[in-house]
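Notes follow once the structure below has been shown.
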Amino acid sequence: MELTHASLHFQIMKHFIEYAKAPSVSKLSDIFGIQVASVVEALKALQEYHGVVLQPVSHEVWVAHPFSAAPTNFWIQSGDMGWWGNCAWCALGAAALLARDLTITTTLGSESKQIVIEIINGKIQNKHLFVHFPIPMEKAWDNVVYTCSTMLMFESESDISMV
């Protein structure tokens with residue numbers, strides 16, 4: 001299989017969907033039949049392209065939107081499978097990508113009130129939820145991990161204005 005941004009990203013997303021975790025650099029090396037060093041260089045290039053976020057020291061996949069390889073405030077559950085979504089937007093994007101009935105467990109405004117958002121037949125069952133985007137999207141990749149950590153769910157516009 002030829003290693004391109006598209007084929008690398010596809011394999012990362014496929015692995016997240018099937019195994020609920022990021023593939024290791026070693027696993028990607030096996031999939032593409034190339035040296036680990038070549039995979040690391042391809043991952044760095046994909047990160048520059050904004051296709052992934054890598055762990056700074058190991059170069060393992062940390063984030064492939066909408067999924068996170070590390071725990072976040074957005075747990076996505078379907079049957080016996082579960083994934084971490086990076087933010088409110090990513091969790092909803094994962095629901096669309098996964099195309100199955102699922103729940104998203106999070107806290108409102110990242111405070112103490114936990115909620116479970118139900119997605120059935122592609123439709124959000126909960127009413128009156130808002131996603132707040134405090135960082136303008138043209139600035140998102142200045143610090144994408146921080147940007148994602150601030151995209152939260154709220155029950156009302158007035159709750160957002162108190163942030």
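- A heavy-atom distance below 4.5 Å is not found between the side chains of Phe32 and Lys27.
- Within 6.0 Å of atom CD in Gln35, 12 or fewer heavy atoms from other residues, nucleotides or ligands are found, so the atom counts as exposed in its surroundings.
- Side chains of Asn73 and Thr106: a donor-acceptor N/O pair is present below 3.5 angstrom, by distance only.
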Stepwise side chain to side chain contact (heavy atoms under 4.5 Å, CB included) check, Thr105 with Ile115: CA-CA 6 Å; Thr105 303; Ile115 63 166; over 6 Å; no
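- Judged by distance alone, the side chain of Gln47 and the main-chain N or O of Leu54 form a donor-acceptor pair under 3.5 Å.
- Under the 30°/60° scheme for interplanar angles, the aromatic rings of His50 and Trp141 are found to lie parallel.
- Under the 4.5 Å side-chain heavy-atom criterion for ILVMFWY residues, a single connected hydrophobic cluster contains both Leu8 and Val61.
- Going from atom CG of Leu43 over to atom CG of Leu3 covers 8.5 Å, rounded to the nearest 0.5 Å.
- Proximity of Val40 to Val25: side-chain heavy atoms (C-beta onward) are separated by under 4.5 Å at one or more points.
- The two residues Ala91 and Ile76 come nearest to each other via the heavy atoms CA-CD1, 4.0 Å.
- In this structure, the side chain to side chain contact (heavy atoms under 4.5 Å, CB included) partners of Ser161, at least two apart in sequence or on a different chain, are Ser158.
- Using a distance-only test at 3.5 Å, with no hydrogens or angles considered, a donor-acceptor pair links the side chain of Asn86 to the main chain of Pro66.
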Side chain to side chain contact (heavy atoms under 4.5 Å, CB included) between His132 and Met151, worked out: CA-CA 5 Å; His132 180 48; Met151 284 188 219; over 6 Å; no
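- With a 4.5 Å cut-off on side-chain heavy atoms, Ile160 and Phe130 count as touching.
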CA sep, side-chain torsions, deciding dist, call: Val116, Ile104, side chain to side chain contact (heavy atoms under 4.5 Å, CB included): CA-CA 6 Å; Val116 176; Ile104 300 167; over 6 Å; no
Derivation of the side chain to side chain contact (heavy atoms under 4.5 Å, CB included) call for Leu129 and Leu108: CA-CA 9 Å; Leu129 290 176; Leu108 293 173; 4.2 Å; yes
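- Aromatic ring pairs are classed by plane angle as parallel below 30°, tilted from 30° to 60° and perpendicular above 60°; the pair Phe67 and Phe16 is parallel.
- Rounding to the nearest 0.5 Å gives a distance of 9.5 Å between CG of Asn143 and OG1 of Thr150.
- Put simply, the side chain of Trp84 does not reach to within 4.5 Å of the side chain of Phe74, judged on heavy atoms.
- With sequence neighbours excluded, the residues satisfying side chain to side chain contact (heavy atoms under 4.5 Å, CB included) with His5 are Ala45, Leu46, Tyr49.
- By the 4.5 Å heavy-atom criterion applied to side chains, Gln11 and Leu28 are counted as neighbours.
- Shown here for Leu102 and Leu98, the closest heavy-atom pair between the two residues is CD2-CD1, 4.0 Å.
- At a threshold of 4.5 Å between side-chain heavy atoms, the hydrophobic network of Ile, Leu, Val, Met, Phe, Trp and Tyr places Val36 and Val39 in one connected group.
- A donor atom on one side chain and an acceptor atom on the other are found under 3.5 Å apart for Gln77 and Trp75.
- Side-chain contact check for Glu41 and Ser38: no donor-acceptor pair (N or O, by modelled atom type) lies under 3.5 Å.
- A continuous path of hydrophobic side-chain contacts links Ile124 to Phe154 [ILVMFWY only; heavy atoms under 4.5 Å].
- Counting only distance, with no hydrogens or angles, the side chain of Thr107 and the backbone of Gln114 share no donor-acceptor pair below 3.5 Å.
- Under a 3.5 Å cut-off, the side chain of Ser78 and the backbone N or O of Met81 do not form any donor-acceptor pair.
- Within the model, atoms NE2 of His9 and CD1 of Ile12 stand 6.5 Å from one another, a figure rounded to the nearest 0.5 Å.
- With sequence neighbours excluded, the residues that form a side chain to side chain contact (heavy atoms under 4.5 Å, CB included) with Asp101 are Ile120, Asn121.
- At least one donor-acceptor pair closer than 3.5 Å links the side chain of Thr72 to the backbone N or O of Gly85.
- Put simply, the side chain of His65 never gets that close to the backbone of Gly51: no donor and acceptor are under 3.5 Å apart.
- Counting heavy atoms from C-beta outward, Trp62 and Val53 have side chains that approach closer than 4.5 Å.
- Atoms NZ and OH, on Lys139 and Tyr146 in that order, are 13.5 Å from each other to the nearest 0.5 Å.
- No side-chain heavy atom of Glu155 sits less than 4.5 Å from a side-chain heavy atom of His128.
- Minimum heavy-atom separation, Gly82 to Ala20: O-CB, 2.9 Å.
- Distance check: Ile119 CD1 to Arg100 CZ gives 13.5 Å after rounding to the nearest 0.5 Å.
- Residue-environment remark: CD (Glu138) exceeds the threshold of 12 foreign heavy atoms within 6.0 Å.
- Contact annotation: the side chain of Val131 approaches that of Leu92 to within less than 4.5 Å [non-hydrogen atoms, C-beta and beyond].
- Between the side chain of Ser29 and the main chain of Ile34, a donor-acceptor pair closer than 3.5 Å is present.
- Note: Ser110 OG to Met153 CE = 12.5 Å, rounded to the nearest 0.5 Å.
- Side-chain atoms of Ser7 come within 3.5 Å of backbone N or O of Glu2 as a donor-acceptor pair.
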